[in-house]
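Reviewing the structure listed below.
Indexing begins at 1, ligand by ligand and atom by atom, following the structure's order.
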Amino acid sequence: MAVSSFKFALIDSATGHQILHGLAEKLGDDDASITIKRENEKNRLELGKNNQHVDAIKVLVSTLQELGLDNNIGAIGHRVVHGGEMFTQSAVIDDDVITAIEAVSALAPLHNPANLIGIKAAQLAFPGIPQVAVFDTAFHQTMPEKAYMYAIDKDHYKEKGIRRYGFHGTSHFFVAQKAAEWLNKSFETTSVITVHLGNGCSVCAISDGKSVDTSMGMTPLEGLMMGTRSGDIDPGVIMYLMKRYKYDANQIDDFLNKQSGMLGLSQLSNDCRTLEDALNDADNEKRLAAQLTLEVYSYRVAKYIAGYTCALTHLDAVVFTGGIGENSNYIRDIVVKHLGLLGLTIDDCKNQQARFGQAGAINDPTSRTPVLVIPTNEEWVIAQDAAKLTKGVK
Ligand code: AMP
């Protein structure tokens, strides 16, 4: 079995406060471990050989029992990557939901089966506690046909489900809601472009509270350049590599998903912070490689933001989120400066201050549209949905 990991958090769904959180990693490997953090305490336990999700969850359950926190759990929410067209919102998990998640697994062969392992392990460990699946794709199910159809033989859509689905739905939804609060508007009348820049990156056009376009497609490879993913590329490149250099499907997969993006272009790192540091490197070649990579990255983000204005009738704000969007004033500065024709202007001082979890506006007062930085909180959306859907189910 492949080595895998999962994150967990015990959250007060009303406030978003994380009572406890952590990470089980390298499951299936010799050095599998679980790290549990609570307030200022951090405990890391080696799980030993041949340990899987069930074993990690057992450790988590006994920790919760020792701390007297096990009685407080009202519901368990699971992040599920692909819900296909079947799930337009989160769902209480029963046998039918599990069958449906299995049915769309072909569209996300690396993620959905792993999500199901987590669900089944949690069902065993927490019998009687209702469980909810929260889909990365669900928020984007409101996209119109013109946004989700690929220009390919339509039978491939009808028979094989090949269309654009979009991901990061919980993050786009969360920050758009927070933007509406900041703007003092109802979510249903708020139109924003949300820009999630992390290891994975995507842009979303949200019109009156509904996703109407997003940059990831049938898989999380389409759209923006990312840490190790290429984002948009001429599909002709794939044919060329296969025909001329005899790449097979696995090599193409590795090339586009793991060896491209910031890592591939810079040949230095997939990590934005490391590339920003390399801008001051004494080695000229490294400096230029980092500079080019960050320029290509930011230019592509700006092109998507400008492009998505045609999906909206009005634009209330542009919102940056994700590890890079929340912390990199360098990237935000280049992106916003590309958008001068849209009337966006940045305040250098506010931009530099908006880091490390600080939310706020970074635009200059002359900007036609507010530019906001809002930290995402996908775990809280999952907790809220789990609580909302399971009231009274137990
Ligand atoms: P995420 O997947 O949302 O955790 O984001 C990870 C990305 O955020 C990595 O590329 C990090 O280098 C980047 N990141 C985190 N903090 C900073 C920072 N202070 N400046 C620039 N990039 C950052």
Parallel, tilted or perpendicular: which describes the rings of Tyr157 and Tyr148, with under 30° parallel and over 60° perpendicular?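 Ring orientation of Tyr157 relative to Tyr148: tilted.
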
Over 60° means perpendicular and under 30° means parallel, so tell me whether Phe187 and Phe139 are parallel, tilted or perpendicular.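 Plane angle under 30°, so parallel.
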
What residues come within 4.0 Å of ligand 1, counting heavy atoms only?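 Around ligand 1, where the cutoff is 4.0 Å for heavy atoms, the contacting residues are Gly198, Asn199, Asp271, Cys272, Arg273, Glu276, Gly322, Gly323, Ile324, Asn327, Ser328, Arg355, Phe356.
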
Taking everything shown except Tyr299 itself, do over 12 heavy atoms lie less than 6.0 Å from its OH?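 Not buried by this count: 12 neighbours or fewer within 6.0 Å.
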
Is the closest side-chain donor-acceptor distance between Thr214 and His168 under 3.5 Å?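 Distance-only check fails for Thr214 and His168.
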
Heavy-atom pair with the smallest gap, counting every atom of Gln141 and Tyr165: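 Minimum heavy-atom separation between Gln141 and Tyr165: NE2-CD2, 3.9 Å.
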
Positive for side chain to side chain contact (heavy atoms under 4.5 Å, CB included) with Arg164, one of Met216, Glu222, Met218, His140: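 Going through Met216, Glu222, Met218, His140 one by one, the side chain to side chain contact (heavy atoms under 4.5 Å, CB included) with Arg164 is satisfied by Glu222 alone.
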
